[in-house]
Amino acid sequence: MAHFLWTDDLATGSALIDGDHHKLISMVNALFDSMAKGQANDIISKVLNNLIIYTKEHFGREEAEMQRIRYVGETAHKSEHTKLIKQVAELKSSLDAGQKTNVVAVSKFLDDWLRNHILMVDKKLATALKEHAQKL
Ligand SMILES: [Fe+2]
């Protein structure tokens with residue numbers, strides 16, 4: 001199973017956001033490992049639950065920063081967060097209902113989402129945070 005690999009283009013330049021992303025990626029990789037080993041649904045579900053908890057905390061930190069600087073892209077950015085949380089909660093429900101996971105599809109979805117979100121959405125926020133700090 002391919003791991004999510006950190007590449008330097010993912011660095012946003014915000015220590016807060018980048019630090020969270022490193023931890024998030026290690027948790028995504030723990031989930032991939034758990035699925036790749038064919039662990040039981042209840043174990044995968046626990047790993048996924050840890051990921052959901054941390055993701056919510058991380059999104060909360062980003063959203064607090066958006067509010068602090070009155071970020072113009074706040075609504076669109078937050079709606080991406082809300083949508084992802086809904087999708088991973090659905091995945092957890094299906095695991096808890098005993099359904100088999102499509103390991104390849106789940107890992108591809110999470111890898112693509114995280115990479116695209118960091119590159120297209122979080123980087124814009126990091127730039128706005130930097131600009132805000134320079135204005136002070
Ligand atoms: Fe984000």
Side-chain angles (χ1 to χ4, degrees):
M1 160 86 36
H3 270 182
F4 186 107
L5 293 176
W6 174 268
T7 46
D8 287 341
D9 59 330
L10 296 172
T12 66
S14 158
L16 173 86
I17 295 175
D18 288 345
D20 276 8
H21 286 167
H22 278 290
K23 165 103 173 149
L24 205 51
I25 288 166
S26 74
M27 295 180 86
V28 165
N29 283 331
L31 176 69
F32 290 176
D33 282 341
S34 182
M35 293 191 299
K37 281 186 212 150
Q39 288 186 316
N41 274 21
D42 60 333
I43 295 173
I44 300 175
S45 181
K46 274 184 197 148
V47 178
L48 181 61
N49 197 44
N50 289 337
L51 175 63
I52 292 171
I53 291 167
Y54 187 77
T55 302
K56 284 182 180 169
E57 289 170 4
H58 163 59
F59 286 171
R61 281 190 282 277
E62 281 190 358
E63 289 166 13
E65 287 296 277
M66 293 184 219
Q67 282 200 343
R68 182 175 66 79
I69 66 165
R70 298 176 193 278
Y71 182 52
V72 285
E74 180 180 353
T75 306
H77 193 149
K78 274 174 88 169
S79 82
E80 283 217 10
H81 289 172
T82 307
K83 200 170 153 206
L84 179 79
I85 293 293
K86 190 167 172 271
Q87 283 170 302
V88 287
E90 281 166 8
L91 172 63
K92 188 177 178 302
S93 298
S94 75
L95 277 169
D96 293 343
Q99 285 175 22
K100 244 178 132 3
T101 39
N102 182 334
V103 177
V104 175
V106 169
S107 49
K108 186 173 177 351
F109 164 72
L110 284 176
D111 193 301
D112 287 349
W113 190 91
L114 193 53
R115 205 170 286 280
N116 287 329
H117 184 79
I118 292 173
L119 292 174
M120 313 300 290
V121 182
D122 289 341
K123 276 196 165 181
K124 280 188 197 152
L125 171 60
T127 301
L129 289 171
K130 199 192 278 178
E131 285 169 0
H132 182 81
Q134 281 164 356
K135 273 191 238 154
L136 296 178

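We're numbering straight along the sequence, starting at 1. Remember, it's 1-based here, ligands and their atoms both numbered in the order they're listed.
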Could you check Val88, Ile44, Leu95, Leu91 and say which one makes a side chain to side chain contact (heavy atoms under 4.5 Å, CB included) with Val106?
Leu91
Mind checking the CG-CG spacing from Leu48 to Asp96? Nearest 0.5 Å is all I need.
8.5 Å
Any donor-acceptor pair under 3.5 Å from Ser34 side chain to Ala30 backbone
no
Can any side-chain N or O of Asp111 pair as donor or acceptor with the backbone N or O of Ser107 at less than 3.5 Å?
no
Residues Leu10 and Phe4: closest non-hydrogen pair is CD1-CE2, 3.7 Å
Everything protein-side that's N, O or S and under 2.8 Å from the Fe ion (ligand 1): list it, residue and atom.
Glu62 OE1, His77 NE2, His81 NE2, His117 NE2, Asp122 OD1
Please check if atom NZ in Lys46 has more than 12 non-hydrogen atoms from other residues, nucleotides or ligands closer than 6.0 Å.
no
